[in-house]
Amino acid sequence: MKLVSPLIFLFSILLSLPVSGCRASEGVLQKKYGVDAAYFEGLRCLKNKNYSDACRYFTNAAQECSPVIARCALKERAELEDVSARIKTYEEIYRRYKDKKSRWELCEQYLKYRQPKKILDLTYGIKFEPEFSDDLYYRYEALSQCHEKIGSQSLNRWLTEFPFTEFHKIFIEEHELEDDVLLFRKNVYQRKYSKAIDYVEKVAADYSLPLLYSEIGKTLLYASSDYRASAKKLEALLPEVSDNDSSFYLCFYIGRLNSKAGNVNAAIQSFISAMKFASDKAKYDNALWYLLNESLKLPYTETINFIESYAPQLHDPAYYDDFFDTLSASLLSNQLWSEYLKVTEIISSFASEETTSKYFYVSGRLLEEGYLFKPLDEAKNLSQDYFKKAAACRTNLYYFLLAGEKAGMSQEEMEEALFDFGSKTSIKVNKDAERLLEGYADYGFAEYIYDAWNKYSSEISMECACKTALFLKQCGSNEEKFYPQSLRIASRKFNYPDSKLNRQMLELAFPRDYTEDVEKCCSDFNQNEYLLYALIRSESFFDSAIQSHAGATGLTQLMDSTAGDVARKLKVKEYDLTDSATNIRFGSFYLEELIHRIEESELRALFSYNAGITNVRKWIKTATILFKRKDFSNDLFLEALPFTETREYGRKLLSASCMYASLYYGKTFSQVIRQMMK
């Protein structure tokens, strides 16, 4: 792969130098940032609790800095001021920027410090549209504080016709509104469907509004004890509505309820009706997605017929990726090899690259393994054609790597192709935002970077993202929380690049954090380092503080029961899974143990790490029957696994292992694929 660019190499050297306490570096920074330096000097004073100097710097920055940095300076200054001065600062922000956010921030200050008449002036003439729902909330609250009458028709429409938000909930609670429809909407918003269902009959009788029909349908779906009867209730409402949106929601939830009731044909017909009433592409895709998933309950010939009929009408192909993944596993687990090939041909021009790369690769492998009865030369030629098509897709790393290897691409060709990986995005670079991010890095304010990145990520170039991710990675050696922040920035740019990737960005997207701990564990347990790094990246994204909903903890996401078993085997009496070194050691030991317990197969051990070794052994027995051989290939085994999560887990781990092995350990992608697939 190509060497790091001189600019980035120089930047990495600069970042390794102290950012404070050095007069020479201060002069360099002052020269680089000019008037913008005042903001960063203000942050330094703030950090040292020198509030008066901080306020002075922020005032200077607000007057002289570039717009993005000046806005940050004003916000920081506001936090140091008394109420009167703070409000004036927010007024200044609004005068300068005149956007929704600054208007809402100013309204919040006026509301908090009881200056309602200013809110009324600020929101005068505001449009009565969902886009301005927050403005309307502030206006209604201001009228209430002024003890002025709120237009009942206007308020009622805001409360019943607009999408329900946290502001609706706050308004209802603060004003102790007890109207049935409001209590119904509040309960639906809070997902308290068992309470919301008590209001369904009343709301349905009194209102005929699209969003309320949607919420009624959702409530019946999640709280009803009789799905068939609930579907009938919605069907009875259909003749009373005349607008397309109301008809869409009623048909859509009739379909969902019939699906729950096991009435497949009725569900499908309802989804088809919903598609006819869909007022936008998103609604159409939503109804079609449910139709296709419902069709999986029918004979596969009918599912394929639906795909053939509707494939040209997929508005957002990526929306259907999970359906096609489920279909793929179902076709394979039912030995429907020819049907798999037919679906591949149908969707080749309509599905997303993510999906087509999967179907091309798997079809190629079915031909190669002899599961499809075709003359040898024809099967070989067709499989190679499919592998080349799969390798041409640049949005799914797993299928690109496997298909590239099967298509005979050299390591150099695959490495070069990686620089063009990802779903390409077109951005308009915000130079001021980039200057802010780079300033945070140059002045050593790592804690500000990730929030700023999230705010401006769609306007940040590859070069700037690389610099900030590199800086956060270096900061991680002192504060571990910066490791995952660096990786998230790099990973987003890796998957959605605005220009060609470079080796530096690849290394940031596949980092080797906690190097000493990983090296020691892999040495002690005779484990490949690239495999352990891939495990940590996929399990926790190098976030040592992460805990799953299931209770798994830390970098290698260990459950307490598993950790206890490992501790006994390692003869460790006291341990803390939140300690990075301990977590890595336990996870490394457990993974290596799984490899030895399941036929020395790294990939099957990873399946076991995710889904449990008992499940994997059961799946192996099933696969022996499915593929009619004991030495079935692990890549087809992965595609037939019944757990979506485990299939995707295997893909991520193999892809990451290939990247780590190639970037840092001098191995080719082919070597790693063959090692893990055996």
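These figures come from a predicted structure and were not determined experimentally.
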*Contact check, side chains of Glu415 and Phe669, non-hydrogen atoms, under 4.5 Å*: yes
*Distance-only side-chain donor-acceptor flag, Asn528 / Glu602, under 3.5 Å*: yes
_Over all atoms of both residues, closest heavy-atom pair of Met559 and Ala550_ = CE-O, 3.1 Å
*asked:* Walk me through whether Thr644 and Asp322 qualify under side-chain contact (heavy atoms from CB on, under 4.5 Å).
replied: CA-CA 9 Å; Thr644 302; Asp322 56 348; over 6 Å; no
_Contact check, side chains of Phe324 and Glu354, non-hydrogen atoms, under 4.5 Å_ = no
*Would you check, one step at a time, whether the test ring-ring contact (aromatic ring centres under 6.0 Å, His included) holds for Phe40 with Tyr443?*
CA-CA 7 Å; Phe40 302 108; Tyr443 278 87; 4.9 Å; yes
*If you round to the nearest 0.5 Å, how far is OG of Ser328 from NZ of Lys358?*
5.5 Å
*Is it true that the side chains of Tyr33 and Arg435 contain a donor and an acceptor less than 3.5 Å apart?*
no
_For Lys569, is the NZ atom crowded, meaning more than 12 foreign heavy atoms sit under 6.0 Å from it?_
yes
_Ion pair Glu639/Arg365, N-O distance below 4.0 Å_ = no
*Excluding sequence neighbours, so at least two apart, what forms ring pair (Phe, Tyr, Trp, His ring centres under 6.0 Å) with Tyr665?*
none
_What's the separation between atom OG in Ser499 and atom CE in Met505, rounded to the nearest 0.5 Å?_
8.5 Å
*May I ask you to check whether over 12 heavy atoms, not counting those of Lys431, lie within 6.0 Å of atom NZ?*
no
*asked:* If the condition is ring pair (Phe, Tyr, Trp, His ring centres under 6.0 Å), which residues does Tyr530 pass it with, not counting sequence neighbours?
replied: none
_Could you check whether Lys467 pairs with Glu463 (Lys NZ or Arg NE/NH1/NH2 to Asp/Glu carboxylate O, under 4.0 Å)?_
yes
*About how many Å separate CG of Leu436 and NZ of Lys455, when rounded to the nearest 0.5 Å?*
8.5 Å
_How about NZ on Lys406, more than 12 heavy atoms from neighbouring residues, nucleotides or ligands closer than 6.0 Å, or not?_
yes
*Are any non-hydrogen side-chain atoms of Ile489 and Tyr450 less than 4.5 angstrom apart?*
yes
_Given the ring of Tyr496, does Arg492 sit roughly above its face, with NZ or CZ under 6.0 Å from the centre of the six-membered ring and within 45° of the axis?_
yes
*Hey, does the side chain of Asn634 reach the backbone of Met677 with a donor-acceptor pair shorter than 3.5 angstrom?*
yes
_Show every salt bridge (Lys or Arg N to Asp or Glu O under 4.0 Å) that has at least one partner inside residues 610-623, sequence neighbours left out._
none
*Does a donor on one side chain and an acceptor on the other come within less than 3.5 Å for Thr425 and Asp498?*
no
*Check the pair Lys520 / Glu516 against salt bridge (charged side-chain N to carboxylate O under 4.0 Å, His left out), numbers first and verdict last.*
CA-CA 6 Å; Lys520 185 175 190 321; Glu516 291 182 9; over 6 Å; no
*Parallel under 30°, tilted from 30 to 60°, perpendicular over 60°: which one fits the rings of Tyr448 and Tyr440?*
parallel
*Please tell me if the side chains of Cys466 and Leu508 come closer than 4.5 Å, counting only heavy atoms from C-beta onward.*
yes
_For Ser662, the option from Lys667, Gln671, Gln411 that meets side-chain hydrogen bond (donor to acceptor under 3.5 Å, both in side chains)_ = Gln411
*Report the residues that fulfil ring pair (Phe, Tyr, Trp, His ring centres under 6.0 Å) with Phe387, sequence neighbours left out, ordered by chain and then residue number.*
Tyr361
Kindly list each side-chain donor-acceptor pair under 3.5 angstrom involving residues 582-592, sequence neighbours excluded, with atom names and distances?
unit_1	atom_1	unit_2	atom_2	d
Thr582	OG1	Asp579	OD2	2.7
Asn583	OD1	Leu555	N	3.4
Asn583	OD1	Thr556	N	2.8
Asn583	OD1	Thr556	OG1	2.6
Asn583	ND2	Thr553	O	3.0
Asn583	ND2	Leu577	O	2.8
Arg585	NH1	Asp524	OD2	2.9
Arg585	NH2	Asp524	OD2	3.3
Ser588	OG	Gln527	OE1	2.8
Glu592	OE1	Gln527	NE2	2.9

*Look up atom OH in Tyr319 and atom OG in Ser352, then write down how far apart they are to the nearest 0.5 Å.*
14.0 Å
*For Glu600, does the CD atom have more than 12 heavy-atom neighbours from other residues, nucleotides or ligands under 6.0 Å away?*
yes
*Where do Asn454 and Ser457 come nearest, in terms of heavy atoms and distance?*
O-OG, 3.9 Å
_Arg651/Asp325 salt bridge by N-O under 4.0 Å criterion_ = yes
*With distance as the sole test, does Thr515 use its side chain to make a donor-acceptor pair with the main-chain N or O of Arg512 at under 3.5 Å?*
yes
*Any chance the rings of Tyr514 and Tyr533 have centres within less than 6.0 Å?*
no
*asked:* Within the 3.5 Å criterion, strictly below it, is a donor on Thr668 or Glu405 matched to an acceptor on the partner's side chain?
replied: no
*asked:* I need the Leu654 CG to Gln675 CD distance, nearest 0.5 Å.
replied: 11.0 Å
*Hey, is CG on Asn526 packed in by over 12 heavy atoms from elsewhere, all under 6.0 Å?*
no
*Could you list the residues that satisfy ring pair (Phe, Tyr, Trp, His ring centres under 6.0 Å) with Phe421, not counting sequence neighbours?*
Phe494
*Roughly how far, to the nearest 0.5 Å, is the CG atom of Leu641 from the OG1 atom of Thr646?*
6.5 Å
*Taking atom types as modelled, find out whether Tyr649 and Glu539 have a side-chain donor-acceptor pair closer than 3.5 angstrom.*
yes
*Given Tyr359 and Tyr340, is the ring-ring contact (aromatic ring centres under 6.0 Å, His included) satisfied, shown in steps?*
CA-CA 8 Å; Tyr359 276 78; Tyr340 199 101; 4.7 Å; yes
*Decide, yes or no, whether a salt bridge links Glu369 with Arg629 under the criterion of side-chain N to carboxylate O below 4.0 Å.*
yes
*Say whether, by atom type as modelled, one donor and one acceptor occur between the side chain of Arg537 and the main chain of Lys652 under 3.5 angstrom.*
no
*Determine whether Leu418 and Phe400 make a side-chain contact, defined as any pair of heavy atoms from C-beta on separated by less than 4.5 Å.*
yes
*Please find out if less than 6.0 Å separates the ring center of Trp619 from that of Phe607.*
no
